[in-house]
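Worksheet: one structure, shown below.
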Amino acid sequence: MNIFELYLNKIKSIIVDLNKKNQLVVPETLNSINAEIPPSKFDCDISTNVAMVLSKVNKISPIQLAEKIVDEIKNIDEQIDTISIAKPGFINIKFKPSFWSNFTKEIINNDKKFGINEKEKKNNYLVEFVSANPTGPLHVGHCRGAILGDVISNVLTFNKHKVTKEYYVNDYGNQIINFTKSVYFRIKELKFDEKFPQDNSDLYPGDYLIDFAKNILSDNPDINFDNYDKISDKLTTLSIEQALFLIKRNLKSLGINHDNFISEKSIALNNEVENVIKFLEKKKFVYKGKIKAPEGENDKNWVEREQLLFKSTDFGDDKDRALQKSDGAWTYFACDVAYHKNKVDRQFDYLINILGADHAGYIKRISSSVEALSGKKDKLICKISQLVKLIKDNKPFKMSKRKGDYITVDDLINEVGKDATRFIMLNRSSDVELDFDFDAVKEKSKDNPLYYVQYCYARISSVYRHAGKNLNSKIELDNINLVYSSDEIRILKKISEWPKCIDTASSNLEPHRIPVYLYELASEFHSYWNLGKENPEKRFINDQKKISQEKLIFLKAISNVIKMGMDIIGVESPEKM
């Protein structure tokens with residue numbers, strides 16, 4: 001039950017009726033009219049801008065128009081208590097207490113559907129996220145994007161969209177050659193006691209490669225590792241298998257499972273790059289030409305040469321993009337275009353890419369290619385996962401993957417746990433940098449948002465245990481007259497915002513809105529709980545050690561929303577803390 005959508009539709013119906021009676025002029029579309037959460041300073045439940053939207057076309061001030069509309073709104077149903085007008089023309093609606101009683105019963109009877117936008121068109125999404133090079137374990141730099149992609153998928157799934165989660169394995173190119181050589185030198189170190197060449201900056205020095213080498217040696221006793229050239233292809237396959245096994249384990253420890261793992265190498269070897277080039281050539285989006293030096297590059301050192309280019313500028317990019325290197329090999333971009341043709345051919349309604357902060361400049365070119373491939377401007381949606389700043393003992397903690405000196409996902413989870421990792425990584429918008437303080441996420445206080453939300457659920461569970469009831473069981477609502485105080489209605493008003501939260505998180509792909517909302521709801525609850533310390537009438541458990549049925553129903557409404565939100569985020573809702 002989305003009360004904002006419900007009353008918005010009622011208000012629009014009034015406007016249409018007044019127009020039919022020639023009492024009001026309406027614009028071509030009513031999309032600008034809204035029903036929103038009012039500012040806290042107003043004693044009302046819903047606020048609408050209808051008078052301000054229609055004032056210009058009716059050539060009347062918003063206040064005068066609001067006065068004309070108010071009488072009509074009063075008659076839309078008997079649950080409206082008062083309507084007031086606030087400058088510059090907002091119409092503010094306040095409901096009777098009985099509205100909130102009926103609201104509570106409605107959301108508990110339909111607890112599995114509360115928050116879902118049933119009227120929205122349901123789409124088929126492909127969400128590609130993480131896609132780290134398979135050269136080692138996932139580190140904190142990958143962690144935020146992994147959680148962002150997973151929870152975006154969860155939000156869309158909750159809202160009844162179809163979602164496929166995909167990992168693009170970058171197992172092709174120079175970094176894989178260097179990675180394979182690094183594993184080879186570790187094998188030589190173990191098998192022949194040859195020293196690892198630490199002075200070679202192209203190699204990966206991380207100690208995890210020793211484990212990879214040990215596993216490969218153990219599982220493949222018949223391979224002769226004397227000659228790298230003879231075994232390089234086989235060793236590449238084995239090394240990537242080791243890396244992917246570790247990456248999948250890292251993801252599982254974060255509570256993340258992908259539906260598909262797509263190999264860049266398979267895209268390249270199956271001639272998908274050549275095929276997409278032919279496809280783009282037919283559409284006249286590919287040509288031979290020269291490009292200027294990249295921004296910041298010294299023009300004197302830049303050699304302009306003729307090469308195969310994609311007409312990215314036809315789609316708003318600042319320059320055309322190279323598809324082939326000087327040696328004839330395909331660029332990374334060409335392989336990526338082929339991969340996105342693969343995606344487009346699988347008939348998804350929308351493609352979502354979760355990209356790291358260092359790939360922000362890549363968005364326009366890949367979006368241009370998808371538009372060229374699909375003919376649709378908004379087919380691809382890119383979300384940037386900004387940097388995470390690690391703080392420990394009040395000091396920045398730096399990491400460097402190439403040096404092997406970094407915090408892995410396993411390190412982070414061992415330090416603070418999966419739930420804290422997921423909740424805190426998601427607690428701010430993905431397009432701003434995030435400070436992850438190891439000490440703060442362990443605090444048992446209001447300053448730790450995860451703890452505060454989980455403690456809300458645990459407190460409600462404790463009341464149910466005291467009553468000898470199971471919080472997860474269906475609650476009886478027949479023949480119960482619910483009467484709630486203003487303090488309780490304030491919490492019910494917050495609960496009424498849940499469908500709006502889900503709608504925004506889903507349509508804008510902004511899952512951070514869910515933990516923010518849950519923290520606000522938990523804060524309202526804890527404030528109300530604490531009123532009982534001074535006022536016995538406010539306590540959930542009275543002096544006779546009894547709990548009223550209406551209190552249990554009230555708590556059930558809160559716990560249902562907390563549980564739904566925590567499930568979407570992928571963290572536990574503990575019954576005891």
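Computed from a prediction, not measured in an experiment: that's the story for all the values here.
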More than 12 foreign heavy atoms under 6.0 Å from OH of Tyr451: is that the case here? yes

Taking the side chain as everything from C-beta on, heavy atoms only, tell me whether Trp529 gets closer than 4.5 Å to Val463. yes

Any donor-acceptor pair under 3.5 Å linking the side-chain atoms of Asn215 with those of Gln242? yes

I need the minimum non-hydrogen distance between Val409 and His139, along with the two atoms involved. CG2-O, 3.8 Å

In this structure, are over 12 heavy atoms from other groups packed under 6.0 Å from Phe245 atom CZ? no

Can a side-chain donor-acceptor contact be found between Asp171 and Ser263 if the only test is distance below 3.5 angstrom? yes

Taking Glu371 first and then Lys379, would you say they form a salt bridge - that is, a charged N and a carboxylate O separated by under 4.0 Å? no

Are any side-chain N or O atoms of Ser506 and backbone N or O atoms of Ile502, one a donor and one an acceptor, separated by less than 3.5 Å? no

Is Lys500 reaching over with its side chain to a backbone N or O of Ile37, donor-acceptor style, under 3.5 angstrom? no

What is the ring orientation for Phe333 with Tyr362, classed by angle as parallel under 30°, tilted 30 to 60°, or perpendicular over 60°? perpendicular

Is the cationic atom of Lys392 (NZ for Lys, CZ for Arg) positioned less than 6.0 Å from the six-membered ring centroid of Phe438 and within 45 degrees of its normal? yes

Find out whether the Lys NZ or Arg CZ of Lys265 is both under 6.0 angstrom from the six-membered ring centre of Tyr172 and within 45° of the ring's axis. no

When rounded to the nearest 0.5 Å, the distance separating CG of Leu235 from CZ of Phe179 is 8.5 Å

Centroid-centroid under 6.0 Å between Tyr339 and Tyr168 rings: yes

Is the side chain of Asp393 donor-acceptor paired with the backbone N or O of Lys395 at a distance under 3.5 Å, no angle test? no

Donor-acceptor contact below 3.5 Å, side chain Asn448 vs main chain Glu443: yes

Look at Arg321 together with Asp318 and state whether they make a salt bridge at an N to O cut-off of under 4.0 Å. yes

So does Ile216 get a backbone contact from the side chain of Asn220, meaning a donor-acceptor N/O pair under 3.5 Å? yes

One thing to verify: whether Lys181 and Asp202 come together as a salt bridge, which I'm taking to mean a side-chain N less than 4.0 angstrom from a carboxylate O. no

Parallel, tilted or perpendicular, as decided by the 30° and 60° cut-offs, for the rings of Tyr125 and His161: perpendicular

Qualifying residue for side-chain contact (heavy atoms from CB on, under 4.5 Å) with Pro137, from Asn250, Ile247, Asp410, Asp211: Asn250

Closest non-hydrogen atom pair, Val388 against Met425: CG2-SD, 3.8 Å

is_close_aromatic(Tyr452, Tyr519), centroid dist under 6.0 Å: yes

Between Thr180 and Ser239, does any side-chain donor sit less than 3.5 Å from a side-chain acceptor? no

Taking the six-membered ring of Phe196 as reference, does the NZ or CZ atom of Arg186 fall below 6.0 Å from its centre and within a 45° cone about the axis? yes

With no hydrogens and no angle check, do the side chains of Asn342 and Glu272 hold a donor and an acceptor under 3.5 Å apart? yes

Could you tell me whether Lys493 and Glu488 make a salt bridge, using a distance below 4.0 angstrom between a side-chain N and a carboxylate O? no

Reported CG-to-OG distance for the pair Leu509 and Ser430, which is rounded to 0.5 angstrom: 9.5 Å

Go through it in stages, so that I can follow the logic: the residues are Lys576 and Arg465, the test is side chain to side chain contact (heavy atoms under 4.5 Å, CB included), and I'd like the CA-CA distance, side-chain angles, deciding distance and then a yes or no. CA-CA 10 Å; Lys576 293 182 180 180; Arg465 281 196 305 274; 3.5 Å; yes

Main-chain N/O of Glu120 paired with Asn117 side-chain donor or acceptor, under 3.5 Å: yes

Side-chain donor-acceptor pair under 3.5 Å between Asn508 and Lys383, yes or no? no

Please tell me whether Glu118 and Asn159 have a donor and an acceptor in their side chains that are separated by less than 3.5 angstrom. no

Counting heavy atoms not belonging to Lys122, are there more than 12 under 6.0 Å from its NZ? yes

Main-chain N/O of Ala132 paired with Tyr167 side-chain donor or acceptor, under 3.5 Å: yes

Is the number of heavy atoms from other residues, nucleotides or ligands under 6.0 Å of Asn530 CG greater than 12? yes

Partner of Lys165 under side-chain hydrogen bond (donor to acceptor under 3.5 Å, both in side chains), chosen from Asp259, Asn257, Asn260, Asp150: Asp150

